[in-house]
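Okay, so here's the structure we're looking at.
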Protein chains: 2
Amino acid sequence: MAARQIPEASVARLPVYLRALVDTAERGTHTVSSEALATAAGVNSAKIRKDLSYLGSYGTRGVGYDVEYLIHQISRELGLTQDWATCIVGIGNLGHALANYGGFAERGFRIAALLDTDTSKVGQMVAGLDVLHFDDVERIVKEEEISIGIIAVPGPHAQEVGDRLCAAGITSILNFAPAVLQVAEGVSLRKVDLSIELQILSFYEQRRVAEESVRHGTARRRLEEAALPHAEA
Amino acid sequence: MAARQIPEASVARLPVYLRALVDTAERGTHTVSSEALATAAGVNSAKIRKDLSYLGSYGTRGVGYDVEYLIHQISRELGLTQDWATCIVGIGNLGHALANYGGFAERGFRIAALLDTDTSKVGQMVAGLDVLHFDDVERIVKEEEISIGIIAVPGPHAQEVGDRLCAAGITSILNFAPAVLQVAEGVSLRKVDLSIELQILSFYEQRRVAEESVRHGTARRRLEEAALPHAEA
DNA sequence: TCCTGTGAATTCGTTCACAGCC
DNA sequence: GGCTGTGAACGAATTCACAGGA
(Lines give C-alpha, C1' and ligand atoms only; values in the text may rest on other atoms or scores of the structure.)
Protein backbone atom coordinates (compact mmCIF):
# COMPACT_ATOMS: atom_id res chain seq x y z
CA MET A 1 0.00 0.00 0.00
CA ALA A 2 1.41 3.38 1.01
CA ALA A 3 1.44 4.44 -2.63
CA ARG A 4 3.15 7.81 -2.74
CA GLN A 5 1.66 10.77 -4.55
CA ILE A 6 -1.63 11.38 -2.82
CA PRO A 7 -4.12 13.05 -5.17
CA GLU A 8 -4.55 16.77 -4.58
CA ALA A 9 -8.25 16.39 -3.92
CA SER A 10 -7.55 13.89 -1.18
CA VAL A 11 -4.92 16.10 0.44
CA ALA A 12 -7.44 18.92 0.59
CA ARG A 13 -9.83 16.69 2.52
CA LEU A 14 -7.37 15.37 5.09
CA PRO A 15 -7.63 18.49 7.29
CA VAL A 16 -11.41 18.07 7.31
CA TYR A 17 -11.08 14.47 8.44
CA LEU A 18 -8.59 15.53 11.03
CA ARG A 19 -11.00 18.03 12.50
CA ALA A 20 -13.80 15.47 12.53
CA LEU A 21 -11.50 13.00 14.28
CA VAL A 22 -10.45 15.50 16.92
CA ASP A 23 -14.12 16.25 17.59
CA THR A 24 -14.76 12.51 17.83
CA ALA A 25 -11.87 12.01 20.23
CA GLU A 26 -13.13 14.86 22.41
CA ARG A 27 -16.42 13.03 22.71
CA GLY A 28 -14.51 10.11 24.16
CA THR A 29 -14.95 7.79 21.20
CA HIS A 30 -11.95 5.60 20.44
CA THR A 31 -13.00 3.83 17.25
CA VAL A 32 -14.77 5.10 14.13
CA SER A 33 -16.05 3.35 11.04
CA SER A 34 -15.60 5.00 7.66
CA GLU A 35 -19.37 5.49 7.73
CA ALA A 36 -19.34 7.41 11.02
CA LEU A 37 -16.34 9.49 10.02
CA ALA A 38 -18.00 10.23 6.69
CA THR A 39 -21.04 11.65 8.45
CA ALA A 40 -18.88 13.78 10.74
CA ALA A 41 -16.84 15.08 7.82
CA GLY A 42 -19.74 15.63 5.44
CA VAL A 43 -18.60 13.24 2.69
CA ASN A 44 -19.43 9.63 1.77
CA SER A 45 -17.74 6.59 3.23
CA ALA A 46 -16.16 5.32 0.01
CA LYS A 47 -14.27 8.58 -0.29
CA ILE A 48 -13.01 8.27 3.28
CA ARG A 49 -11.77 4.74 2.72
CA LYS A 50 -10.13 5.60 -0.58
CA ASP A 51 -8.47 8.72 0.81
CA LEU A 52 -7.19 6.94 3.91
CA SER A 53 -5.91 4.05 1.82
CA TYR A 54 -3.46 6.48 0.19
CA LEU A 55 -1.83 6.95 3.59
CA GLY A 56 -1.58 3.25 4.35
CA SER A 57 -3.72 0.50 5.87
CA TYR A 58 -4.52 2.04 9.19
CA GLY A 59 -7.95 0.51 9.74
CA THR A 60 -9.06 -2.87 11.03
CA ARG A 61 -11.54 -4.87 8.94
CA GLY A 62 -14.73 -5.52 10.75
CA VAL A 63 -13.90 -2.85 13.33
CA GLY A 64 -12.95 0.55 11.93
CA TYR A 65 -10.18 3.03 12.63
CA ASP A 66 -8.54 3.83 15.94
CA VAL A 67 -9.26 7.52 16.42
CA GLU A 68 -6.05 8.52 18.20
CA TYR A 69 -3.86 6.54 15.85
CA LEU A 70 -5.53 8.00 12.79
CA ILE A 71 -5.19 11.53 14.19
CA HIS A 72 -1.50 10.84 14.61
CA GLN A 73 -1.06 9.45 11.10
CA ILE A 74 -2.95 12.25 9.36
CA SER A 75 -1.12 14.90 11.41
CA ARG A 76 2.19 13.37 10.42
CA GLU A 77 1.17 13.17 6.77
CA LEU A 78 0.11 16.82 6.81
CA GLY A 79 3.35 17.88 8.44
CA LEU A 80 1.60 19.08 11.58
CA THR A 81 3.95 17.30 13.93
CA GLN A 82 6.35 20.14 13.40
CA ASP A 83 5.73 23.86 13.80
CA TRP A 84 5.76 26.20 10.85
CA ALA A 85 6.62 29.86 11.17
CA THR A 86 4.42 32.26 9.21
CA CYS A 87 4.22 35.97 8.64
CA ILE A 88 1.23 38.13 7.85
CA VAL A 89 1.78 40.94 5.38
CA GLY A 90 -0.74 43.76 5.49
CA ILE A 91 -2.16 44.68 8.88
CA GLY A 92 -5.47 46.16 7.79
CA ASN A 93 -8.88 44.86 8.81
CA LEU A 94 -8.25 41.38 7.58
CA GLY A 95 -4.62 41.19 8.70
CA HIS A 96 -5.75 42.22 12.16
CA ALA A 97 -8.40 39.54 12.25
CA LEU A 98 -5.95 36.90 11.03
CA ALA A 99 -3.35 37.93 13.62
CA ASN A 100 -5.94 37.51 16.35
CA TYR A 101 -7.38 34.30 14.96
CA GLY A 102 -6.61 31.54 17.42
CA GLY A 103 -7.05 28.71 14.95
CA PHE A 104 -3.56 29.05 13.51
CA ALA A 105 -1.41 28.64 16.59
CA GLU A 106 -3.69 25.82 17.69
CA ARG A 107 -2.57 23.70 14.77
CA GLY A 108 1.11 24.48 14.93
CA PHE A 109 1.27 27.58 12.77
CA ARG A 110 3.23 30.17 14.67
CA ILE A 111 2.77 33.76 13.58
CA ALA A 112 6.36 34.93 13.76
CA ALA A 113 5.96 38.41 12.29
CA LEU A 114 3.45 41.04 11.23
CA LEU A 115 4.60 43.24 8.37
CA ASP A 116 3.30 46.40 6.73
CA THR A 117 4.67 49.21 4.62
CA ASP A 118 2.49 51.82 6.25
CA THR A 119 4.80 53.63 8.71
CA SER A 120 1.81 54.63 10.83
CA LYS A 121 1.20 50.93 11.48
CA VAL A 122 4.82 49.94 11.99
CA GLY A 123 5.59 49.84 15.71
CA GLN A 124 1.99 49.24 16.73
CA MET A 125 1.25 46.22 18.86
CA VAL A 126 -1.21 43.80 17.30
CA ALA A 127 -2.10 40.48 18.90
CA GLY A 128 0.93 40.80 21.13
CA LEU A 129 3.36 41.39 18.28
CA ASP A 130 5.17 44.46 17.05
CA VAL A 131 4.27 45.38 13.49
CA LEU A 132 7.54 45.51 11.53
CA HIS A 133 8.37 47.24 8.28
CA PHE A 134 8.02 45.12 5.17
CA ASP A 135 11.35 46.44 3.89
CA ASP A 136 13.08 44.12 6.33
CA VAL A 137 11.28 41.05 5.07
CA GLU A 138 14.43 39.26 3.83
CA ARG A 139 16.17 39.54 7.19
CA ILE A 140 13.06 38.63 9.19
CA VAL A 141 12.24 35.59 7.05
CA LYS A 142 15.76 34.33 7.50
CA GLU A 143 15.99 35.05 11.23
CA GLU A 144 12.63 33.54 12.07
CA GLU A 145 12.93 30.73 9.51
CA ILE A 146 9.56 31.62 8.08
CA SER A 147 8.35 29.29 5.36
CA ILE A 148 4.74 30.41 4.91
CA GLY A 149 3.67 33.93 3.97
CA ILE A 150 0.12 35.20 4.35
CA ILE A 151 -0.81 38.10 2.09
CA ALA A 152 -3.57 40.42 3.29
CA VAL A 153 -2.77 43.58 1.36
CA PRO A 154 -5.02 45.36 -1.16
CA GLY A 155 -5.21 43.65 -4.56
CA PRO A 156 -2.94 46.04 -6.46
CA HIS A 157 -0.04 45.44 -4.04
CA ALA A 158 -0.31 41.68 -3.87
CA GLN A 159 2.05 40.87 -6.73
CA GLU A 160 4.96 42.95 -5.48
CA VAL A 161 4.51 41.57 -1.98
CA GLY A 162 4.43 38.05 -3.42
CA ASP A 163 7.61 38.72 -5.41
CA ARG A 164 9.42 40.00 -2.35
CA LEU A 165 8.28 37.04 -0.28
CA CYS A 166 9.48 34.60 -2.93
CA ALA A 167 12.78 36.43 -3.19
CA ALA A 168 13.14 36.27 0.57
CA GLY A 169 12.96 32.48 0.36
CA ILE A 170 9.40 31.77 1.40
CA THR A 171 8.10 28.51 -0.09
CA SER A 172 4.35 28.70 0.56
CA ILE A 173 1.92 31.56 0.17
CA LEU A 174 -1.66 31.94 1.31
CA ASN A 175 -3.17 34.82 -0.61
CA PHE A 176 -6.18 36.75 0.68
CA ALA A 177 -5.76 39.64 -1.72
CA PRO A 178 -8.28 39.83 -4.55
CA ALA A 179 -5.71 39.40 -7.31
CA VAL A 180 -4.22 36.66 -9.45
CA LEU A 181 -0.77 35.98 -8.06
CA GLN A 182 2.20 34.74 -10.06
CA VAL A 183 4.75 32.93 -7.90
CA ALA A 184 8.23 31.59 -8.47
CA GLU A 185 8.56 27.99 -9.65
CA GLY A 186 8.38 25.59 -6.72
CA VAL A 187 6.45 27.89 -4.40
CA SER A 188 3.07 26.56 -3.26
CA LEU A 189 0.17 28.94 -3.56
CA ARG A 190 -3.34 28.83 -2.24
CA LYS A 191 -5.87 31.61 -2.32
CA VAL A 192 -8.89 32.57 -0.30
CA ASP A 193 -11.12 35.05 -2.02
CA LEU A 194 -14.10 36.29 -0.09
CA SER A 195 -15.91 38.07 -2.88
CA ILE A 196 -15.39 35.24 -5.36
CA GLU A 197 -17.18 32.92 -2.97
CA LEU A 198 -20.11 35.30 -2.79
CA GLN A 199 -20.21 35.56 -6.57
CA ILE A 200 -20.39 31.78 -6.88
CA LEU A 201 -23.29 31.74 -4.42
CA SER A 202 -24.92 34.50 -6.42
CA PHE A 203 -24.82 32.32 -9.55
CA TYR A 204 -26.72 29.50 -7.89
CA GLU A 205 -29.01 31.95 -6.14
CA GLN A 206 -29.99 33.46 -9.47
CA ARG A 207 -30.41 30.06 -11.06
CA ARG A 208 -32.69 29.07 -8.23
CA VAL A 209 -34.87 32.09 -8.92
CA ALA A 210 -34.93 31.22 -12.63
CA GLU A 211 -35.86 27.62 -11.87
CA GLU A 212 -38.60 28.72 -9.56
CA SER A 213 -40.32 30.70 -12.28
CA VAL A 214 -39.96 27.72 -14.58
CA ARG A 215 -41.42 25.48 -11.91
CA HIS A 216 -44.31 27.88 -11.43
CA GLY A 217 -44.85 27.76 -15.15
CA THR A 218 -44.80 23.98 -14.98
CA ALA A 219 -47.16 23.96 -12.05
CA ARG A 220 -49.58 26.15 -13.93
CA ARG A 221 -49.32 23.92 -16.95
CA ARG A 222 -50.00 20.90 -14.76
CA LEU A 223 -53.12 22.53 -13.42
CA GLU A 224 -54.27 23.21 -16.95
CA GLU A 225 -53.57 19.62 -17.90
CA ALA A 226 -55.43 18.44 -14.85
CA ALA A 227 -58.39 20.49 -15.93
CA LEU A 228 -58.61 18.66 -19.25
CA PRO A 229 -61.46 16.15 -19.59
CA HIS A 230 -59.13 13.15 -19.79
CA ALA A 231 -57.56 13.94 -16.42
CA GLU A 232 -57.52 11.07 -13.98
CA ALA A 233 -59.69 11.15 -10.91
CA MET B 1 -24.86 26.90 -28.36
CA ALA B 2 -25.80 28.32 -24.90
CA ALA B 3 -25.99 24.80 -23.48
CA ARG B 4 -27.51 25.16 -20.04
CA GLN B 5 -26.00 23.55 -16.95
CA ILE B 6 -22.57 25.10 -16.74
CA PRO B 7 -20.12 22.75 -14.95
CA GLU B 8 -19.47 23.69 -11.36
CA ALA B 9 -15.75 24.05 -11.98
CA SER B 10 -16.43 26.57 -14.72
CA VAL B 11 -18.80 28.59 -12.56
CA ALA B 12 -16.11 28.84 -9.91
CA ARG B 13 -13.75 30.38 -12.45
CA LEU B 14 -16.12 32.96 -13.89
CA PRO B 15 -15.53 35.45 -11.07
CA VAL B 16 -11.78 35.15 -11.69
CA TYR B 17 -12.25 35.92 -15.37
CA LEU B 18 -14.51 38.79 -14.46
CA ARG B 19 -11.86 40.33 -12.27
CA ALA B 20 -9.20 39.89 -14.95
CA LEU B 21 -11.54 41.52 -17.48
CA VAL B 22 -12.27 44.47 -15.23
CA ASP B 23 -8.52 44.97 -14.75
CA THR B 24 -8.07 44.77 -18.51
CA ALA B 25 -10.82 47.30 -19.14
CA GLU B 26 -9.26 49.68 -16.61
CA ARG B 27 -6.07 49.57 -18.63
CA GLY B 28 -8.05 50.82 -21.59
CA THR B 29 -7.93 47.60 -23.59
CA HIS B 30 -11.10 46.82 -25.53
CA THR B 31 -10.35 43.40 -26.98
CA VAL B 32 -8.72 40.30 -25.49
CA SER B 33 -7.76 36.97 -26.94
CA SER B 34 -8.33 33.81 -24.90
CA GLU B 35 -4.56 33.66 -24.61
CA ALA B 36 -4.26 37.14 -23.08
CA LEU B 37 -7.19 36.59 -20.75
CA ALA B 38 -5.72 33.24 -19.73
CA THR B 39 -2.49 34.94 -18.67
CA ALA B 40 -4.37 37.58 -16.71
CA ALA B 41 -6.52 34.98 -14.97
CA GLY B 42 -3.76 32.48 -14.33
CA VAL B 43 -5.21 29.57 -16.34
CA ASN B 44 -4.65 28.20 -19.84
CA SER B 45 -6.42 29.45 -22.94
CA ALA B 46 -8.26 26.23 -23.77
CA LYS B 47 -9.98 26.42 -20.41
CA ILE B 48 -11.01 30.00 -21.05
CA ARG B 49 -12.49 29.16 -24.44
CA LYS B 50 -14.29 26.09 -23.14
CA ASP B 51 -15.68 27.93 -20.11
CA LEU B 52 -16.85 30.91 -22.14
CA SER B 53 -18.43 28.63 -24.72
CA TYR B 54 -20.84 27.45 -22.02
CA LEU B 55 -22.21 30.97 -21.85
CA GLY B 56 -22.61 31.37 -25.58
CA SER B 57 -20.56 32.42 -28.60
CA TYR B 58 -19.43 35.81 -27.46
CA GLY B 59 -16.07 35.94 -29.24
CA THR B 60 -15.07 36.76 -32.79
CA ARG B 61 -12.84 34.29 -34.65
CA GLY B 62 -9.57 35.80 -35.66
CA VAL B 63 -10.08 38.71 -33.24
CA GLY B 64 -10.94 37.75 -29.67
CA TYR B 65 -13.51 38.91 -27.14
CA ASP B 66 -14.90 42.40 -26.63
CA VAL B 67 -13.94 43.22 -23.03
CA GLU B 68 -16.96 45.32 -22.08
CA TYR B 69 -19.40 42.94 -23.67
CA LEU B 70 -17.86 39.94 -21.96
CA ILE B 71 -17.92 41.72 -18.59
CA HIS B 72 -21.60 42.32 -19.13
CA GLN B 73 -22.35 38.74 -20.11
CA ILE B 74 -20.41 37.18 -17.23
CA SER B 75 -21.96 39.61 -14.73
CA ARG B 76 -25.39 38.71 -15.96
CA GLU B 77 -24.63 35.00 -15.81
CA LEU B 78 -23.37 35.33 -12.24
CA GLY B 79 -26.43 37.29 -11.20
CA LEU B 80 -24.40 40.41 -10.43
CA THR B 81 -26.72 42.72 -12.31
CA GLN B 82 -28.96 42.65 -9.28
CA ASP B 83 -28.08 43.38 -5.67
CA TRP B 84 -28.15 40.69 -3.02
CA ALA B 85 -28.75 41.42 0.62
CA THR B 86 -26.53 39.58 3.09
CA CYS B 87 -26.16 39.39 6.83
CA ILE B 88 -23.09 38.60 8.88
CA VAL B 89 -23.60 36.47 11.97
CA GLY B 90 -20.89 36.69 14.61
CA ILE B 91 -19.22 40.06 15.08
CA GLY B 92 -15.89 38.92 16.48
CA ASN B 93 -12.53 39.57 14.89
CA LEU B 94 -13.45 38.05 11.59
CA GLY B 95 -17.01 39.37 11.51
CA HIS B 96 -15.61 42.85 12.10
CA ALA B 97 -13.14 42.48 9.27
CA LEU B 98 -15.81 41.17 6.93
CA ALA B 99 -18.17 44.01 7.81
CA ASN B 100 -15.45 46.50 6.98
CA TYR B 101 -14.30 44.70 3.85
CA GLY B 102 -15.11 46.92 0.90
CA GLY B 103 -14.98 44.15 -1.68
CA PHE B 104 -18.52 42.99 -1.00
CA ALA B 105 -20.49 46.17 -1.60
CA GLU B 106 -18.34 46.80 -4.64
CA ARG B 107 -19.77 43.76 -6.38
CA GLY B 108 -23.37 44.26 -5.41
CA PHE B 109 -23.48 42.43 -2.10
CA ARG B 110 -25.15 44.71 0.38
CA ILE B 111 -24.54 43.96 4.04
CA ALA B 112 -28.04 44.50 5.38
CA ALA B 113 -27.50 43.36 8.96
CA LEU B 114 -24.90 42.39 11.54
CA LEU B 115 -26.08 39.86 14.10
CA ASP B 116 -24.69 38.45 17.32
CA THR B 117 -25.99 36.73 20.43
CA ASP B 118 -23.55 38.48 22.74
CA THR B 119 -25.58 41.23 24.41
CA SER B 120 -22.41 43.25 24.99
CA LYS B 121 -22.00 43.49 21.22
CA VAL B 122 -25.65 44.14 20.38
CA GLY B 123 -26.20 47.86 19.98
CA GLN B 124 -22.59 48.59 19.04
CA MET B 125 -21.92 50.35 15.77
CA VAL B 126 -19.69 48.38 13.38
CA ALA B 127 -18.94 49.58 9.87
CA GLY B 128 -21.80 52.04 10.13
CA LEU B 129 -24.35 49.43 11.17
CA ASP B 130 -26.04 48.63 14.46
CA VAL B 131 -25.31 45.14 15.68
CA LEU B 132 -28.67 43.43 16.19
CA HIS B 133 -29.58 40.41 18.29
CA PHE B 134 -29.55 37.11 16.49
CA ASP B 135 -32.85 36.18 18.15
CA ASP B 136 -34.59 38.50 15.68
CA VAL B 137 -33.06 36.81 12.66
CA GLU B 138 -36.39 35.62 11.19
CA ARG B 139 -37.90 39.08 11.22
CA ILE B 140 -34.75 40.77 9.92
CA VAL B 141 -34.24 38.29 7.07
CA LYS B 142 -37.82 38.86 5.98
CA GLU B 143 -37.76 42.65 6.33
CA GLU B 144 -34.47 43.09 4.54
CA GLU B 145 -35.11 40.30 2.04
CA ILE B 146 -31.78 38.74 2.87
CA SER B 147 -30.88 35.71 0.78
CA ILE B 148 -27.25 35.15 1.73
CA GLY B 149 -26.01 34.50 5.27
CA ILE B 150 -22.38 34.76 6.28
CA ILE B 151 -21.41 32.74 9.35
CA ALA B 152 -18.43 33.99 11.36
CA VAL B 153 -19.13 32.45 14.74
CA PRO B 154 -16.92 29.98 16.65
CA GLY B 155 -17.06 26.42 15.30
CA PRO B 156 -19.26 24.93 18.02
CA HIS B 157 -22.05 27.45 17.34
CA ALA B 158 -22.02 27.22 13.55
CA GLN B 159 -24.59 24.46 13.19
CA GLU B 160 -27.28 26.10 15.29
CA VAL B 161 -26.72 29.41 13.53
CA GLY B 162 -26.95 27.62 10.19
CA ASP B 163 -30.18 25.93 11.23
CA ARG B 164 -31.73 29.22 12.29
CA LEU B 165 -30.65 30.90 9.06
CA CYS B 166 -32.15 28.10 6.98
CA ALA B 167 -35.35 28.23 9.02
CA ALA B 168 -35.48 31.99 8.47
CA GLY B 169 -35.56 31.39 4.73
CA ILE B 170 -32.00 32.10 3.71
CA THR B 171 -31.01 30.22 0.56
CA SER B 172 -27.22 30.63 0.47
CA ILE B 173 -24.65 30.36 3.22
CA LEU B 174 -20.99 31.30 3.27
CA ASN B 175 -19.43 29.57 6.26
CA PHE B 176 -16.23 30.86 7.85
CA ALA B 177 -16.60 28.78 10.98
CA PRO B 178 -14.25 25.83 11.35
CA ALA B 179 -16.99 23.21 11.35
CA VAL B 180 -18.78 20.91 8.94
CA LEU B 181 -22.17 22.44 8.32
CA GLN B 182 -25.33 20.54 7.47
CA VAL B 183 -27.86 22.69 5.58
CA ALA B 184 -31.45 22.22 4.51
CA GLU B 185 -32.07 20.70 1.09
CA GLY B 186 -31.88 23.34 -1.62
CA VAL B 187 -29.67 25.76 0.31
CA SER B 188 -26.31 26.53 -1.33
CA LEU B 189 -23.30 26.28 0.91
CA ARG B 190 -19.71 27.36 0.46
CA LYS B 191 -17.05 27.37 3.08
CA VAL B 192 -13.86 29.27 3.66
CA ASP B 193 -11.54 27.70 6.18
CA LEU B 194 -8.38 29.55 7.02
CA SER B 195 -6.61 26.86 8.98
CA ILE B 196 -7.46 24.13 6.47
CA GLU B 197 -5.70 26.15 3.79
CA LEU B 198 -2.61 26.39 5.96
CA GLN B 199 -2.70 22.67 6.62
CA ILE B 200 -2.80 21.97 2.89
CA LEU B 201 0.23 24.22 2.41
CA SER B 202 1.93 22.41 5.27
CA PHE B 203 1.50 19.09 3.44
CA TYR B 204 3.29 20.32 0.34
CA GLU B 205 5.85 22.16 2.45
CA GLN B 206 6.73 18.95 4.25
CA ARG B 207 6.82 16.98 1.03
CA ARG B 208 9.21 19.54 -0.40
CA VAL B 209 11.54 19.03 2.54
CA ALA B 210 11.30 15.24 2.12
CA GLU B 211 12.03 15.51 -1.59
CA GLU B 212 14.99 17.71 -0.92
CA SER B 213 16.64 15.10 1.27
CA VAL B 214 15.87 12.47 -1.36
CA ARG B 215 17.40 14.66 -4.03
CA HIS B 216 20.48 15.14 -1.88
CA GLY B 217 20.63 11.40 -1.40
CA THR B 218 20.31 10.89 -5.15
CA ALA B 219 23.00 13.44 -5.83
CA ARG B 220 25.33 11.62 -3.49
CA ARG B 221 24.51 8.28 -5.07
CA ARG B 222 25.20 9.73 -8.50
CA LEU B 223 28.59 10.88 -7.35
CA GLU B 224 29.29 7.40 -6.07
CA GLU B 225 28.17 5.89 -9.35
CA ALA B 226 30.32 8.33 -11.24
CA ALA B 227 33.26 7.17 -9.16
CA LEU B 228 32.80 3.58 -10.26
CA PRO B 229 35.29 2.32 -12.86
CA HIS B 230 32.66 1.73 -15.55
CA ALA B 231 31.44 5.30 -15.37
CA GLU B 232 31.30 7.11 -18.70
CA ALA B 233 33.74 9.87 -19.44
C1' DT C 1 -3.52 34.45 -41.13
C1' DC C 2 -5.44 34.57 -36.70
C1' DC C 3 -8.25 33.12 -33.04
C1' DT C 4 -12.65 31.08 -31.57
C1' DG C 5 -15.58 27.14 -30.70
C1' DT C 6 -15.86 22.37 -30.02
C1' DG C 7 -15.70 17.28 -30.78
C1' DA C 8 -12.38 13.78 -29.37
C1' DA C 9 -8.84 12.10 -26.36
C1' DT C 10 -7.06 12.10 -22.04
C1' DT C 11 -6.53 12.75 -17.27
C1' DC C 12 -8.37 13.12 -12.80
C1' DG C 13 -11.72 12.13 -9.27
C1' DT C 14 -15.65 9.59 -7.45
C1' DT C 15 -18.46 5.77 -6.66
C1' DC C 16 -19.49 0.90 -6.94
C1' DA C 17 -19.15 -3.52 -5.44
C1' DC C 18 -16.97 -7.13 -3.46
C1' DA C 19 -12.84 -10.02 -1.93
C1' DG C 20 -10.41 -10.45 2.22
C1' DC C 21 -9.72 -10.13 6.99
C1' DC C 22 -11.32 -9.41 11.83
C1' DG D 1 -21.70 -10.35 10.34
C1' DG D 2 -19.27 -6.20 9.85
C1' DC D 3 -16.07 -3.09 7.89
C1' DT D 4 -11.77 -2.13 5.37
C1' DG D 5 -9.10 -1.85 1.22
C1' DT D 6 -9.15 -1.70 -3.62
C1' DG D 7 -9.70 -2.99 -8.55
C1' DA D 8 -13.01 -1.78 -11.95
C1' DA D 9 -16.74 1.17 -13.75
C1' DC D 10 -18.22 5.48 -14.16
C1' DG D 11 -18.42 10.46 -14.52
C1' DA D 12 -16.40 15.10 -14.46
C1' DA D 13 -12.93 18.19 -15.88
C1' DT D 14 -9.05 19.32 -18.65
C1' DT D 15 -6.41 19.43 -22.62
C1' DC D 16 -5.64 18.52 -27.47
C1' DA D 17 -6.08 19.58 -32.02
C1' DC D 18 -8.29 21.32 -35.73
C1' DA D 19 -12.38 22.78 -38.59
C1' DG D 20 -14.42 27.00 -39.67
C1' DG D 21 -15.39 31.88 -39.68
C1' DA D 22 -13.50 36.80 -39.56
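Order of the sequence lines sets the chain letters (A, B, ...), proteins ahead of strands, with each chain counted from 1.
Of the candidates C:dT15, D:dG2, C:dG13, the closest approach to any side-chain atom of A:Ala46 belongs to C:dT15. For A:Ala9, the listed nucleotide lying nearest its side chain is C:dT14; candidates were D:dC18, C:dA19, C:dT14. Of the candidate nucleotides C:dG5, D:dT4, C:dC22, C:dG5 has the atom nearest to the side chain of B:Ser53.
One finds a salt bridge joining A:Asp51 and A:Arg13 here, because a Lys/Arg side-chain nitrogen approaches an Asp/Glu carboxylate oxygen to under 4.0 Å.
Atom OH in A:Tyr54 sits about 10 Å away from atom P in D:dG7, given to the nearest Å. If you take CZ of B:Arg13 and P of D:dT15, they are 8 Å apart, rounded to a whole angstrom. Note: CD (B:Glu35) to P (C:dC2) measures 13 Å, nearest angstrom. Rounded to an integer number of Å, the gap from CG of B:Leu14 to P of D:dA13 is 13 Å. Regarding B:Lys47, its NZ atom lies at a distance of 5 Å from the P atom of D:dT15, rounded to whole Å. Here C:dT14 presents its P atom at 11 Å from CD of B:Glu8, a figure rounded to the nearest Å. Atom CZ in B:Arg49 sits about 10 Å away from atom C1' in D:dC16, given to the nearest Å. Taking atom CD1 of A:Ile6 as the reference point, atom P of C:dC12 lies 16 Å away to the nearest angstrom.
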>> Checking B:Phe104 against B:Leu98 for the side-chain contact (heavy atoms from CB on, under 4.5 Å) test, could you report, in this order, the C-alpha distance in whole Å, the side-chain angles of both residues, the deciding distance, and whether it holds?
In response: CA-CA 9 Å; B:Phe104 293 157; B:Leu98 293 173; 4.1 Å; yes
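With sequence neighbours excluded, no residue forms a ring-ring contact (aromatic ring centres under 6.0 Å, His included) with A:Tyr204.
Within a 6.0 Å sphere centred on CD of A:Glu145, heavy atoms belonging to other residues, nucleotides or ligands number 12 at most.
Contact annotation: the side chain of A:Arg207 approaches that of B:Gln5 to within less than 4.5 Å [non-hydrogen atoms, C-beta and beyond].
OP1 or OP2 of C:dT14 has not a single side-chain nitrogen or oxygen of A:Asn44 nearer than 4.0 Å. For the OP1/OP2 pair of D:dA13 and a distance below 4.0 Å, the side-chain nitrogens and oxygens of B:Lys50 include no atom meeting the criterion. Neither OP1 nor OP2 of C:dC22 sits under 4.0 Å from any side-chain N or O of A:Tyr65. For D:dC3, neither phosphate oxygen OP1 nor OP2 lies less than 4.0 angstrom from any side-chain nitrogen or oxygen of A:Ser34.
Both B:Val63 and A:Asp51 lie near DNA chain C, and the one whose nearest nucleotide falls closer to the 5' end is B:Val63.
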